[in-house]
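This report refers to the structure that appears directly beneath it.
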Amino acid sequence: MPYLDLSGASLAYDDDGTGPAVLLLHAGIADRRMWREQVGPLSVMHRVIRLDLRGYGESTLTRQPFAHHDDVIALLDHLGIQRAVLVGCSFGGAVAVDTALAYPDRVAGLALIGSALSGHEWSEEVDELWEALAAQVGTDDVDAMAEAEVRFWVVGPGRDLATMDPDLLDFAWRMDRRALAAEAALGQVDVHQLNPVATYRLGEVRPPTLVTAGGADVPDIRRLADRMAAEIPNAHRLPDIPDAAHLSPLERPEEVNRIVLSFLGALRG
């Protein structure tokens, strides 16, 4: 497995296929493994790179200040890629938008799937949903916290846990448990954000942008999809993905693959 060394931090990534470059950026509750169902279909006609963001998955972390969007460009430079389409889910979508704002000439397109947005403040409604689920979970109980996050994000507030694929839930729990350790470590590091943050700058995003979300995701994520589609100049809002929550690339891979491949085809003209 290849790594990129950045002043002592190692970024783990996978590089498959040939053709126009597509970089997949994972959710904050996951790592690059969440894209396992996308690599085969996308790499038929594209060079597909999956990155573990710094501190997540198999990427390491140092105490040195950094910015995730700078790491994205460092990886593209390392691979000799001038421009790439960025496909981001959740936190990965926020990193993708930040990268497009900080390095507009390096981003050929954005596909945002259940995307977060830097600077966004969660609504009182979502805070209450989380509190109702996790109020009794101790912050030091990593297993229970991962279980709560999987129920909140992967199952979603409106679905029955009993109807979910247990293998999907187990895989999501294992990724999330590892991501919680990453978040704790990242909390001790100065992670630079754009200034101003992206929530105030959507009108500056220039690449063609596709926006969608899981129909069972938390309300703020679906509202953010509406907002990004309305405020990003060259954006298109697709309908919500039916019966999917926050990790739709894992839960509804065929639909996500269809959406992303259609977007990539439109960019090729």
Side-chain angles (χ1 to χ4, degrees), residues 22-35 38 42 48-54 56-57 67-73 75 84-104 106-122 126 153-154 156 175-176 179 182-183 191 193-194 197-202 204-215 217-232 234-238 240-241 244-252 255-257 259-260 263-264:
V22 180
L23 177 59
L24 308 178
L25 298 169
H26 61 81
I29 61 170
D31 53 55
R32 75 186 195 278
R33 292 176 293 169
M34 69 164 282
W35 300 108
Q38 280 66 57
L42 269 58
V48 179
I49 300 104
R50 292 185 295 165
L51 170 66
D52 275 341
L53 292 164
R54 192 182 300 213
Y56 290 88
H68 288 295
H69 53 271
D70 290 340
D71 282 356
V72 168
I73 299 303
L75 179 61
V85 175
L86 307 185
V87 181
C89 177
S90 186
F91 175 59
V95 173
V97 173
D98 285 355
T99 306
L101 287 167
Y103 299 94
R106 306 297 300 274
V107 180
L110 293 171
L112 306 176
I113 304 168
S115 182
L117 185 66
S118 62
H120 171 74
E121 295 187 9
W122 296 107
V126 168
W153 292 111
V154 183
M175 285 195 296
D176 188 73
E183 290 174 357
V191 183
Q193 292 196 27
L194 293 180
V197 290
T199 192
Y200 304 114
R201 301 175 60 186
L202 291 178
E204 301 174 34
V205 176
R206 291 293 172 255
T209 301
L210 174 149
V211 185
T212 189
D217 209 336
V218 299
D220 275 24
I221 292 294
R222 288 180 279 116
R223 286 193 287 258
L224 266 179
D226 293 338
R227 183 181 164 218
M228 287 188 282
E231 296 185 24
I232 293 174
N234 194 12
H236 177 61
R237 172 71 154 100
L238 290 183
D240 289 342
I241 299 169
H246 207 51
L247 295 186
S248 54
L250 274 172
E251 193 174 0
R252 294 290 176 265
E255 179 66 9
V256 170
N257 294 343
I259 288 169
V260 175
F263 179 62
L264 294 173

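Just the heavy atoms: all of them, side chains too, but no hydrogens, waters or symmetry mates, feed the values below. We're numbering straight along the sequence, starting at 1. These numbers come from a predicted model, not from an experiment.
For the pair N234/T209, no side-chain contact is recorded, criterion being any heavy-atom separation below 4.5 Å from C-beta on. Taking 4.5 Å as the limit, some side-chain heavy atom of H26 sits within range of a side-chain heavy atom of D52. Residues V154 and I29 have side chains in contact (heavy-atom distance under 4.5 Å, counting atoms from C-beta outward).
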Between L23 and L75, is a side-chain contact (heavy atoms from CB on, under 4.5 Å) present by the stated rule, with each step listed? CA-CA 10 Å; L23 177 59; L75 179 61; 4.2 Å; yes

Could you please spell out the steps behind the side-chain contact (heavy atoms from CB on, under 4.5 Å) verdict for I221 and W153? CA-CA 10 Å; I221 292 294; W153 292 111; 4.1 Å; yes

Before giving the answer on side-chain contact (heavy atoms from CB on, under 4.5 Å), spell out for Q38 and V22 the whole-Å C-alpha distance, their side-chain angles and the decisive distance to 0.1 Å. CA-CA 11 Å; Q38 280 66 57; V22 180; over 6 Å; no

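With sequence neighbours excluded, no residue forms a side-chain contact (heavy atoms from CB on, under 4.5 Å) with A230. Scanning for side chain to side chain donor-acceptor pair (under 3.5 Å) contacts around D71 gives R54, with sequence neighbours left out. Listed by chain and number, the residues in a side-chain contact (heavy atoms from CB on, under 4.5 Å) with S115 are L112, M228 (sequence neighbours excluded). In this view, T199 and L117, V197, R227 satisfy the side-chain contact (heavy atoms from CB on, under 4.5 Å) rule, not counting sequence neighbours.
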Could you give the side-chain donor-acceptor pairs of residues 84-96 under 3.5 Å, partners two or more places apart or in another chain?
residue	atom	partner	partner atom	Å
S90	OG	H246	NE2	2.6

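A salt bridge does not link R222 with D217: none of the charged nitrogens is closer than 4.0 Å to a carboxylate oxygen. Looking at D226 and R223, no side-chain N of the basic residue comes within less than 4.0 Å of a carboxylate O on the acidic one, giving no salt bridge.
Legend: salt bridge (Lys or Arg N to Asp or Glu O under 4.0 Å) pairs involving residues 106-119, not counting sequence neighbours, sorted by first then second residue: D77-R106.
Although no hydrogens or angles enter the test, the distance criterion places no donor-acceptor pair under 3.5 Å between the side chain of Q193 and the main chain of S118.
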